[in-house]
Amino acid sequence: MNAAADASAPAPTKEGADDARVDAHAFVRVLAALLELGAALRRVATTTLALCAAEARVLRASAVLLFVGSVALVAVAVSLWACVVALIGWALVIATGSIGAALGILVALHVLLVAALWFALRYAWRQATFPAARAELRVLGDEIRGHVRRFQHALPPDRDADP
């Protein structure tokens with residue numbers, strides 16, 4: 001029974017053996033390339049994690065530096081403002097000859113400044129919501145919806161007709 005099975009099977013040829021050897025060699029090369037790709041991906045992932053950790057350290061240092069810088073900037077601004085107000089007050093005392101009148105004028109100037117800042121901040125807040133862009137987008141959206149409705153009600157092409 002074995003002899004009959006061996007007789008029906010084609011005899012191995014030299015070309016078949018060469019093809020099998022080439023296929024095995026190609027498989028080995030593909031496997032080696034996949035292993036190298038895996039190693040490269042692992043190196044990329046490791047490097048990316050290291051980069052993220054370094055960026056986190058930079059962010060942490062930057063946040064502290066930003067806070068300290070902000071506090072310093074506010075301190076400089078307040079001291080500069082105090083110097084300017086003192087100089088304006090001194091000039092008003094010299095100009096009016098009265099400390100009371102100079103203080104009254106300074107208070108009125110500060111009230112005007114605070115009101116102007118309040119209105120400027122309200123205007124900036126309103127503009128930060130982009131009202132013109134929202135209105136334009138609303139108009140564009142209505143236009144698109146109109147086009148969609150128009151195309152939905154259009155007749156479908158006649159598929160039965162021969163081209």
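Reckoned from all heavy atoms, side chains included, excluding hydrogens, waters and symmetry mates.
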Heavy-atom pair of closest approach, residues [X] and [Y]:
X: Thr96; Y: Ala102; answer: OG1-N, 4.1 Å
X: Leu106; Y: Gly89; answer: CD1-CA, 3.6 Å
X: Arg145; Y: Arg138; answer: NH2-O, 4.4 Å

Would you say [Y] ends up clustered with [X] if hydrophobic residues are merged whenever their side chains have heavy atoms under 4.5 Å apart, either directly or through other cluster members?
X: Ile88; Y: Trp81; result: yes
X: Ile105; Y: Val84; result: yes
X: Leu92; Y: Val85; result: yes

First locate atom [atom1] of [X], then atom [atom2] of [Y], and finally report the distance between them rounded to the nearest 0.5 Å.
X: Leu112; Y: Leu117; atom1: CG; atom2: CG; value: 11.0 Å
X: Arg42; Y: Thr46; atom1: CZ; atom2: OG1; value: 7.0 Å
X: Leu34; Y: Phe27; atom1: CG; atom2: CZ; value: 9.0 Å
X: Phe130; Y: Leu137; atom1: CZ; atom2: CG; value: 11.0 Å

| With a 4.5 Å heavy-atom cut-off, do Val148 and Gln152 have their side chains touching? |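 Side-chain contact under 4.5 Å: yes.
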
| Heavy-atom check, side chain of Leu113 versus side chain of Leu109, under 4.5 Å | no

| task | Mind checking side-chain contact (heavy atoms from CB on, under 4.5 Å) for Arg60 and listing every partner two or more places apart, or none if nothing turns up? | result | Arg57

| said: Evaluate Glu55 against Leu51 for side-chain contact (heavy atoms from CB on, under 4.5 Å), listing each step before the verdict. | reply: CA-CA 6 Å; Glu55 288 292 335; Leu51 178 64; 4.2 Å; yes

| Which residues share a ring-ring contact (aromatic ring centres under 6.0 Å, His included) with Trp118, sequence neighbours left out |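 Checked Trp118 against ring-ring contact (aromatic ring centres under 6.0 Å, His included); zero matches.
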
